[in-house]
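Have a look at the structure below, then the notes.
Only heavy atoms go into these numbers, but all of them, side chains included; no hydrogens, no water, no symmetry mates. Just follow the structure's listing: the first ligand is 1, and inside any ligand the first atom is 1. What you are looking at is a predicted structure, and each value in this text was computed from that prediction instead of being measured.
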Amino acid sequence: MTESSDLRTLAVTAGRPERVAEAPLNTPIVAASSFVAGGQLAYAREDSPTVGALEDTLGALEGGSAVAFSSGMAAANAVLDLLPHGAIVVAPEAFYTGVAIRLRELAEGGRIQVRHVAVDDTEAVRTACMDAHLLWLESPTNPLLAVADIAASARVAHAHGALVLVDNTFATPVLQQPLAEGADVVLHSVSKALSGHSDVILGALVTRDAQLAEQYRSRRVLLGASPSAFDAFLALRGIRTLPLRIERAQQNARDITARLATHPQVACVRYPGFGTMAAIETVGDSDQAELVCERVRLWTHATSLGGVESLLERRRRWPGESDLVPENLIRLSFGIEAVEDLWADLDKALSSAPTPPATGRVRR
Ligand SMILES: *Cc1c(COP(=O)(O)O)cnc(C)c1O
């Protein structure tokens with residue numbers, strides 16, 4: 001196998017079977033719960049060849065050792081399960097709702113304490129990390145697209161002895177490699193851009209700390225959060241084209257957010273300057289935003305992100321979404337379709353929304 005450290009090559013070469021005569025090019029779906037005794041493989045909840053190939057690939061991309069889970073949330077819960085009783089967790093103000101709700105549940109039950117912080121304010125992160133066990137970063141955040149200085153945040157958290165986790169689902173290792181910036185753990189919802197085709201639920205943790213990796217693997221086994229071989233195969237297949245998909249979707253995101261910035265029906269555009277995710281606030285209230293979501297024909301009104309198809313969603317339709325997210329905010333997940341088709345569809349949906357009733361404020 002090639003020694004290249006270029007991610008575009010690694011995405012193609014990592015996690016392949018040994019190159020010997022008649023070996024399959026791809027790691028097959030090994031559908032077995034149990035393996036004949038005498039070797040390393042014993043039971044598929046612990047380890048299985050297809051999941052192992054996915055882990056080798058994710059580890060190569062993030063520069064660490066990966067443990068795959070049955071979902072991003074299962075991976076998140078494995079990390080939380082290891083916290084000592086009463087641990088202080090520092091988390092973003094507005095971020096992925098599943099993790100936000102889970103942290104709230106654990107805090108309400110007295111299991112942990114949670115401090116929320118603006119992740120783009122490193123000084124605030126420094127103060128919040130005093131006596132903390134875990135700094136849980138998401139960058140860019142979902143769905144407000146706040147960007148953390150990962151290296152500086154890791155330094156201030158480590159000065160307080162806190163473990164630093166970065167949920168890298170939005171950026172993917174193509175655009176951001178948190179372990180290289182000093183983070184201890186990377187979390188992925190592999191259900192999103194890594195698998196890339198909206199047909200898999202899967203998660204992963206990646207770390208350079210061998211002891212942590214073993215602890216996560218043990219959580220995976222004991223909590224019963226192991227992925228299926230079939231899902232691991234689909235995710236692995238998706239990863240082969242990850243760099244290409246990100247490049248194309250990012251180009252679409254850059255191009256369309258630039259046009260949205262001057263659209264008369266758009267009051268605000270959030271785009272961090274990189275990546276495949278953005279958010280807009282439409283002129284008018286939440287009903288106006290809903291109408292835009294209903295009117296699109298090429299874009300799909302659906303939750304999730306990172307697939308080849310462009311999705312949009314008014315995030316506050318979910319009761320669990322943070323109050324900090326405006327009611328009229330629509331999150332955009334850019335796919336790989338032709339940019340002019342995406343623009344035409346979105347522009348039409350925005351422009352044909354009825355003009356909001358006069359509120360006395362000056363409207364653009
Ligand atoms: C979807 C998502 C998760 C949860 O992953 P699942 O695979 O759906 O369990 C975690 N973090 C972020 C940023 C996500 O988008």
Tell me if a side-chain donor or acceptor on Asp345 pairs with a main-chain N or O of Val296 at a distance below 3.5 Å. no
Run the salt-bridge test on Arg217 and Glu55 with the 4.0 Å N-O cut-off and return the result as yes or no. yes
Short N or O separations between ligand 1 and the protein, below 3.5 Å:
residue, atom, partner, partner atom, Å
ligand 1, 5 (O), Ser189, OG, 2.9
ligand 1, 7 (O), Gly72, N, 2.9
ligand 1, 7 (O), Ser189, OG, 2.8
ligand 1, 7 (O), Ser191, OG, 2.6
ligand 1, 9 (O), Gly72, N, 3.0
ligand 1, 9 (O), Met73, N, 2.9
ligand 1, 11 (N), Asp167, OD2, 2.6
ligand 1, 15 (O), Lys192, NZ, 2.8

Is there a donor-acceptor pair closer than 3.5 Å between any side-chain N or O of Ser351 and the backbone N or O of Lys348? no
Atom pair CD/CG of Gln288 and Asn328 - distance to nearest 0.5 Å: 9.5 Å
Could you state the interatomic distance from OG1 (Thr169) to CG (Leu194), rounded to the nearest 0.5 Å? 7.5 Å
Is any NZ, NE, NH1 or NH2 atom of the basic residue among Arg316 and Glu321 found under 4.0 Å from an Asp or Glu carboxylate oxygen of the other? no
